[in-house]
Peer 1: 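Below: one structure in C-alpha cells.
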Amino acid sequence: MKEELATRYNPVDFEQRIYAFWESGGYFTPVVDRERPKFSIVIPPPNVTGRLHIGHALVNTLQDIVVRWKRMSGYNTLWLPGTDHAGIATQMVVDRKLTERGISRFDIGREKFVEEIWKWKEQHRSEIKDQLARLGASADWRRERFTLDENLSRAVRHVFVRLYEDGLIYRDIAMVNWCPFCRTAISDIEVEYRERTGKLYNIDYPIEGTTRRLTVATTRPETMLGDTALAVHPDDERYKDVIGQTATLPIANRQIPIIADPILVDPEFGTGVVKVTPSHDKNDYEAGKRNNLPQLQVIDETGHMTSVAGKEFEGLDRFEARKKVVQQLEEQRLLAGVKDYVHSVGVHGKCDNDIEPMISRQWFVKIEPLARPAIDAVRNGAIEIVPQSWEATYFNWMENIHDWTISRQLWWGHRVPAYYCANGHTVVSEEEPKACPECGSESFTQETDVLDTWFSSGLWPFSTMGWPEKTPDYEIFYPTDVLITGFDILFFWVARMIMFGLRFTGKAPFSQVFLHGLVRDEHGDKMSKSKGNVIDPITVIEESGADALRFTLAINTTGRDIPLGKSRIAGYSAFVNKIWNASRFALMHIDVELKSAPQIDRDALSIVERWILSRINAATNDVNKNLSIFRFDEAASTLYHFFWGEFCDWYIEMVKPVLLGKHGSEDDKRRAKRVLLEVLDRSLRLLHPFMPFVTEEIWQKLGGVEPSVMVAPYPVAEEFLEDPEAERLIGAVQQMITTVRNARAERGFTPKDRFTLHVNAANERDANFFRAYSYLLNDLARLDSVRVNETAPAGAQQDVVAGFEIAIVFPEKVITQEQIGRTKREIEKSKNELASLDAKLANEQFTKNAPPQVVQGAEARRIELRARIEKLEQNQ
RNA sequence: AGGCCCUUAGCUCAGCUGGUUAGAGCGCUACCUUGACACGGUAGAGGUCAGCGGUUCGAGUCCGCUAGGGCCUACCA
C-alpha cells in the first residue's frame, strides 16, 4: 500500500501538486481520432482585463463537472480554453495604467499603445490560466486560444468580407449610441438604462409675429441649441392653427418651423409640443428625416459644445452648457417651470458615462437575414436552451432585432478590413489589396476603426478550431455539444454565435445551451464592492480548498440565482472533511489494491452489503440522470446524502463490528473489506467531477488500474445491484434503531443503559433475518438482546415500525410527562390520518380513478396505522 | 407598455409528468470527547406552501384573479 492519508484534511497540501500531475500526464488533451465518440465544449473566454471573480468560478466549475463526467464516461473530450481581447474594457484599463504613469495614449500613438496592451495581455493571460488551474479546470491548455490570434483574426476578416460581399455589412451615416468618454460608437445592447431623478424643464418658444408662446418640456435643455423645428400632432385642436408658422428659438434666436408629425408627437403627453433636435436624439433624427429638417450638431464626440452652439457655449462640457442654457432662459423669462423628474438615462455599461446619440459614419451588420435561421434553429430543436424559459426571451429579442453597429473608434481590436484607395474607392478584402479594381491606384489606407469585440467572439466555437481551414480539430470537434454561460450574455454572445455558426459553417455551433444564474450573497443580494459582500474565489480556495468551493457552487446551481455565503462554503467544506475522514477509516482496514482485488462474489454478500450496493447504485443512476439535464444541484445533493447520510452514518457503523472482529468470521471480515473498497472506489469516482482534488488524492491510495481517477470509468447504474429486499429490511432496522434511540432520549436514559428489543416478524424469512442480524440492532441501538417472535413482557413500550411490531423492554418503567404527551400526540395524529384515509377509501371516485398503486398504498397505510394506534394505546 | 420569473421552516432554497405523513443546508434546543471525523455523533423543536376562486376522487404542484418582489426588452418631449 501507498503511504497513508494525512491525519488532517488540508487541501493546500495537495491541490496544486495534483493539478501539475494531471497536466503533465496529458489527461486534459483528447486524442485526434475520428472514430471515438467525442464531446466538446468551448470556454466562454474571460476578458484579459483582470482577476477572475466568483462568476468565473461558477461557469468554469459547471463546465468542468460536465467535462470530467463526459471524459470519465468514455467520450473523447475537448474543453477548449482561451481569452477574449475585450476591446473597450482592455483599452480602458491599459489607458488608465498609462495615465497613472503620466502618459497619454495620444502621446505615444496607436502602434506603441497597442504594443503596451499586448505586453499587459500576456501577463494577464497566464494569471487567468493559473486561476483556472487553481479551480481544477481540466481544459486542454495545449489548444488555448486568444481572439486576436492570427488564425482567429483571419476568420474575422474572412467573415467580414463574405458578409460585405453578400450585402450584409454596409457602411452608413446614421445615428448611433456614442460614448463621449470612450469616444467610440457602441451597439444598442451595450447601453444600460439607469433610473435617475433629473429635472424636467418647461421652456417657452415665442411664436413669430404673435405674443403666443408654445411650452415645450425637455430633460436636456442644452440640446435646444440644435433644435430645427417644433412639432405638434396634426389632429391636436389646441395647436392646429400654429402648424406652418414659425417660432423663435430662444438664446440662439433662430427661426424654426412648427411642423405636424403624428409619429413623433403624442398629444396626451406633456404639453403636446415637442422640440426637434435631429442631431442629438434618436426619435428627432427620424422625424428630421421625415420632414427634411436640417441637422445641427451642437455637441461633439467628446461631449463638448461645438461652434454651432454659439460662441459663448463653444467648448463647454454638455452638463455645464445645460446650466448655462437654463440660466439664460431664466434671465429671459422663458423658463416656464422646472420639476423633479424620474426617468431612465442610457449609460455606457463599461464606463457608466451618459450615452450621447450622435450622427456618424459607421459599419453595420444587416442582422435580420442572420436572425431568421437562428430563430428557426431554436424553434425546431436543433438548439435547446436550458432552462427553457429563456427561449421566450431569445425569440422576443431576435424577432425585434436592429442592425448591429460593429465599428468601434478604438485602437485595440480587429481592424476593419476595408481599404480606401487614393481616389476614395473602398476595397474590402482579407489582405491589403495590390491595386484598386476601379482605378488601379496602388496606394491604400486601411480603415482605422476596429470591430466590436463580440464580432470575433461570435466566431469562437469554430474560429478556435481552425476554421475557415478544415482542420482535423474542426472536423472532429465542431460543432460543439454544449455551451455553458450566464444569461447576461445571451444576446451579446450566444445569439451571435448561433447566427454566425449557422451562416458560415451551416451547423448550429452547439446543440444545447445551459444558462446559469447570477452568483449572489447569502441573502440573495447582488455582490458588489460597495456592499462589501464580494467573495473572491482564490481566497476561498486558499482557505477552504477548491473542492469545497466547487461543491458549494454546484449544489446551489438550480438555473436561477445562486446564493453563496461563508456559512454555506463552511458547510460543504465540512463535507469534504467528512469524505477525507471516512476514507481514512476505510484505508485503515482495506488491505488489497483495487488492481489486484478479487472479484466480488455477489452470492456471498451479507444483506448489509447488498443494501449499500443497492443504495450506491440508486445514487449512481440519479447522478447520471441529473447531470444529463444540467441539474447540478440534484446530482450534488444526491451524492452528499448518499455519502454522508448512508455510507458514513449507516454503512460504516454497520460494518464496524465485522471489521473490528466483534462479529462474524474472518471470511466475513475479508468480504466486508472488499465491499468497503468497492463502495469507496465508486463513491470517489462519482464525486470526482464535483471535487476533483480530494477524490484524486484519496483514490491514488486505492491502487487502481488507471493512473488517475479522472480517466477511470464513471460508474453507471447496473440493474442486478438493485435489491428491494435488502432495502426493505435494512430500512426497517434503521427505523427500529431510530425508534429505540428516540425512546432512550425521551425517557432520560444514558447511552450506557441497555434494553431488550422484541420484534415480531410475520414470516420465517424475515424472522431469520432479525435473528442473524441482531448484532446491528444490538450495536447501533445499544441493546442487550433482540428477541424475535417472543411474547414481550407487560409494560414494554410497543410500536409498529416499518410494518413490524416491536416492543422495547426498559429496565424499569420510567415514563416521563414528555413521553406521555408525545404518545398522545402520536395517537391523535395517526387517528386523524386514519380518518382521512378511511374517507378516501370509502369514496368510490377515488378507488375507481386513482392508479392502483396509490389505492394499494393507501390500504397498506391504513392497516399499518390501525396496528400502530392499537400498540401506542397500550403504552398509555 | 410587453415578456419572463419568484412568493414553501428564523435565513437561503429544493419539491421533476398533480397521488401516502411537504424536504435540505445553515441557524436553534438537549444530550454525548464512542478507537475516521467536534469541520463529529444522537435525538428534537420549527411550515394555515402570499391571498382568493376554479378544475379534479385528490392541488405546494394545473388554470384564473389579487397583492408583493425581482429580472429583461422597449419607451420616457
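We name chains A, B, ... by the order of the sequence lines, and we start the count at 1 in each one. This one's a predicted model, so the numbers in the text were calculated from it and none came from an experiment.
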Peer 1: Determine, for D354(A) against R196(A), whether the closest basic-nitrogen to carboxylate-oxygen distance falls under 4.0 angstrom.
Peer 2: yes
Peer 1: Base, sugar-phosphate, or nothing: which does I555(A) touch, judged by heavy atoms less than 4.0 Å apart?
Peer 2: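 Nothing, no nucleic acid heavy atom in range.
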Peer 1: How many whole angstroms separate atom CZ of F492(A) from atom C1' of U73(B)?
Peer 2: 13 Å
Peer 1: Ignoring backbone atoms, test whether R631(A) places a side-chain nitrogen or oxygen under 4.0 Å from the OP1 or OP2 oxygen of G15(B).
Peer 2: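 Yes.
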Peer 1: Which part of the nucleic acid, if any, lies within reach of K656(A) when heavy atoms closer than 4.0 Å are counted: base, sugar-phosphate only, or nothing?
Peer 2: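 Result for K656(A) = base.
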Peer 1: Give the rounded distance in Å between these two atoms: CG of L834(A) and P of U21(B).
Peer 2: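 Going from CG in L834(A) over to P in U21(B) covers 11 Å.
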Peer 1: What distance, rounded to whole Å, do you find between the two C1' atoms, one in A45(B) and one in G27(B)?
Peer 2: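 The same atom, C1', in both gives a distance of 13 Å.
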Peer 1: For G46(B) and C37(B), measure between their P atoms and round to the nearest Å.
Peer 2: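 Here G46(B) and C37(B) have their P atoms 34 Å from each other.
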Peer 1: What is the separation between atom CH2 on W397(A) and atom P on U73(B), rounded to the nearest whole Å?
Peer 2: 10 Å
Peer 1: Give me the distance, rounded to whole Å, that separates C6(B) from C75(B) when you measure between the C1' atoms they each carry.
Peer 2: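 So the two C1' atoms sit 25 Å from each other.
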Peer 1: Report, as yes or no, whether the 6.0 Å neighbourhood of atom NZ on K656(A) holds more than 12 heavy atoms from other residues, nucleotides or ligands.
Peer 2: yes
Peer 1: Looking only at side-chain atoms of N742(A), point me to the closest of G44(B), C72(B), G19(B).
Peer 2: G44(B)
Peer 1: Between A43(B), C57(B), G35(B), which one does the side chain of Q845(A) approach most closely?
Peer 2: C57(B)
Peer 1: Determine the Euclidean distance between corresponding P atoms of G2(B) and U8(B); express it in Å to zero decimal places.
Peer 2: 27 Å
Peer 1: On RNA chain B, nearest-nucleotide positions of G272(A) versus R568(A): which is more 5'?
Peer 2: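 Its nucleotide being nearer the 5' end, the pick is R568(A).
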Peer 1: Just compare U12(B), U34(B), C72(B) and give me whichever is closest to any side-chain atom of R782(A).
Peer 2: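 Per side-chain heavy atoms of R782(A), the pick is U34(B).
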Peer 1: NA contact type, A850(A), heavy-atom cut-off 4.0 Å: base, sugar-phosphate, or nothing?
Peer 2: base
Peer 1: Strictly below 4.0 Å, N to O, side chains only: are D591(A) and K669(A) in salt-bridge contact?
Peer 2: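 Judged by the 4.0 Å cut-off on N to carboxylate O distance, D591(A) and K669(A) do not form a salt bridge.
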Peer 1: With sugar-phosphate meaning primed atoms plus P, OP1 and OP2, does D649(A) contact a base, only sugar-phosphate, or nothing at under 4.0 Å between heavy atoms?
Peer 2: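 It contacts sugar-phosphate atoms only.
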Peer 1: Quick one: does E653(A) reach the base of A36(B) with a side-chain donor-acceptor pair under 3.5 Å?
Peer 2: yes
Peer 1: With distance as the sole test, does R744(A) use its side chain to make a donor-acceptor pair with the main-chain N or O of T750(A) at under 3.5 Å?
Peer 2: yes
Peer 1: Expressed as a whole number of angstroms, how long is the span from K662(A):NZ to U34(B):P?
Peer 2: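 About 13 Å, once rounded to whole Å.
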Peer 1: Mind checking who A74(B) pairs with, Watson-Crick or G-U wobble, both distances under 3.5 Å?
Peer 2: none
Peer 1: With a 4.0 Å cut-off on heavy atoms, is T218(A) in touch with a base, just the backbone sugar-phosphate, or nothing at all?
Peer 2: sugar-phosphate
Peer 1: Check whether the ring centres of F690(A) and F575(A) lie less than 6.0 Å apart, and answer yes or no.
Peer 2: no
Peer 1: Toward the 5' end of RNA chain B, which comes first, V345(A) or A582(A), by nearest nucleotide?
Peer 2: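 Comparing both residues, the 5'-ward one is A582(A).
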Peer 1: So what does T271(A) touch, heavy atoms closer than 4.0 Å: a base, only the sugar-phosphate, or nothing?
Peer 2: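 Counting heavy atoms under 4.0 Å across all strands, no contact is made by T271(A).
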Peer 1: Can you see whether Y640(A) has K578(A) sitting over its ring - NZ or CZ less than 6.0 Å from the centre and within 45° of the normal?
Peer 2: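 Relative to the ring axis of Y640(A), which defines the angle, K578(A) lies outside at least one limit.
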Peer 1: Whole angstroms only, please: what is the CD1-P distance between I385(A) and G3(B)?
Peer 2: 19 Å
Peer 1: Counting side-chain heavy atoms from C-beta on, which of C75(B), U42(B), G44(B) comes nearest to K282(A)?
Peer 2: C75(B)
Peer 1: Which nucleotide, if any, forms a Watson-Crick or G-U wobble pair with A59(B), using both distances under 3.5 Å?
Peer 2: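 Paired with no nucleotide.
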Peer 1: If you only use heavy atoms from C-beta on, which nucleotide in G44(B), C4(B), U34(B) is closest to the side chain of S389(A)?
Peer 2: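 That would be C4(B).
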Peer 1: For R220(A), report the nucleic acid contact type (base, sugar-phosphate, nothing); a contact means any heavy atom under 4.0 Å.
Peer 2: nothing
Peer 1: Would you classify R868(A) as touching base, sugar-phosphate or nothing, given that sugar-phosphate means primed atoms plus P, OP1 and OP2, and contacts are heavy atoms under 4.0 Å?
Peer 2: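 Nothing, no nucleic acid heavy atom in range.
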Peer 1: What is the distance from atom CG of N778(A) to atom NZ of K662(A), rounded to the nearest 0.5 Å?
Peer 2: 11.0 Å
Peer 1: Strictly by Watson-Crick or wobble contacts shorter than 3.5 Å, is anything paired with A45(B), and which nucleotide is it?
Peer 2: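 Pairing partner, where one exists within any strand: none, as none qualifies.
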Peer 1: What's the closest nucleotide to the side chain of N849(A) if the choices are C57(B), C37(B), C72(B)?
Peer 2: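 The closest nucleotide is C57(B).
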Peer 1: Over 60° means perpendicular and under 30° means parallel, so tell me whether Y9(A) and W580(A) are parallel, tilted or perpendicular.
Peer 2: tilted
Peer 1: If the threshold is 4.0 Å, N to carboxylate O, is there a salt bridge linking K840(A) and D838(A)?
Peer 2: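 Result for this pair is no, no salt bridge flagged.
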Peer 1: What interatomic distance, in whole Å, is found between P of G60(B) and the corresponding atom of A43(B)?
Peer 2: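 Here A43(B) and G60(B) have their P atoms 29 Å from each other.
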Peer 1: Could you tell me the separation between the CD atom of E195(A) and the C1' atom of A74(B), rounded to a whole number of Å?
Peer 2: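 Answer to the nearest Å: 14 Å.
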Peer 1: Starting at CG of D633(A) and ending at P of A24(B), how long is that distance when rounded to a whole Å?
Peer 2: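 After rounding, the reported distance stands at 16 Å.
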Peer 1: C37(B) base to K578(A) side chain: any donor-acceptor pair below 3.5 Å?
Peer 2: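 Answer yes: a donor N or O sits under 3.5 Å from an acceptor.
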Peer 1: What's the gap between A50(B) and U7(B) when it is taken at their C1' atoms, as a whole Å value?
Peer 2: 6 Å
Peer 1: For T738(A), answer base if it contacts any base atom (sugar-phosphate contacts may also be present), sugar-phosphate if it contacts only those atoms, and nothing otherwise; contact means non-hydrogen atoms under 4.0 Å.
Peer 2: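 Sugar-phosphate, backbone atoms only, no base.
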Peer 1: Does C65(B) have a Watson-Crick or wobble partner in any strand here, with both distances under 3.5 angstrom, and which is it?
Peer 2: G51(B)
Peer 1: Using the P atom in both, what is the distance from C49(B) to C11(B), to the nearest Å?
Peer 2: 16 Å
Peer 1: By the 4.0 Å heavy-atom rule, please label F575(A) as base, sugar-phosphate, or nothing.
Peer 2: nothing
Peer 1: Taking the C1' atom in each of U55(B) and C65(B), what is the distance between them to the nearest angstrom?
Peer 2: 15 Å
Peer 1: For S573(A) versus A548(A), what's the shortest heavy-atom pair and its separation?
Peer 2: CA-CB, 3.7 Å
Peer 1: Report which part of the nucleic acid E634(A) touches: base, sugar-phosphate, or nothing (heavy-atom distance under 4.0 Å, all strands).
Peer 2: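 Since only primed, P, OP1 and OP2 atoms lie under 4.0 Å of E634(A), the category is sugar-phosphate.
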Peer 1: Reckon W644(A) has a side-chain N or O less than 4.0 Å from the OP1 or OP2 of G41(B)?
Peer 2: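 True: W644(A) side-chain N/O within range (under 4.0 Å) of G41(B) OP1/OP2.
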Peer 1: Could you check which of C39(B), C13(B), G2(B) has an atom nearest any side-chain atom of P563(A)?
Peer 2: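 Selected nucleotide (nearest to the side chain): C13(B).
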Peer 1: To the nearest angstrom, how far is I629(A) atom CD1 from C16(B) atom C1'?
Peer 2: 7 Å
Peer 1: Strictly by Watson-Crick or wobble contacts shorter than 3.5 Å, is anything paired with A24(B), and which nucleotide is it?
Peer 2: U12(B)
Peer 1: Return the nearest nucleotide to the side chain of F846(A); candidates are G19(B), A43(B), G41(B).
Peer 2: G19(B)
Peer 1: Counting heavy atoms from C-beta on, name the nucleotide in C4(B), C72(B), C37(B) closest to the side chain of A392(A).
Peer 2: C4(B)
Peer 1: Using a 4.0 Å heavy-atom cut-off across all strands, classify Y341(A) as base, sugar-phosphate, or nothing.
Peer 2: sugar-phosphate
Peer 1: Among the candidates G35(B), A36(B), G40(B), find the nucleotide nearest to the side-chain atoms of M588(A).
Peer 2: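 Of the options given, the side chain of M588(A) lies nearest A36(B).
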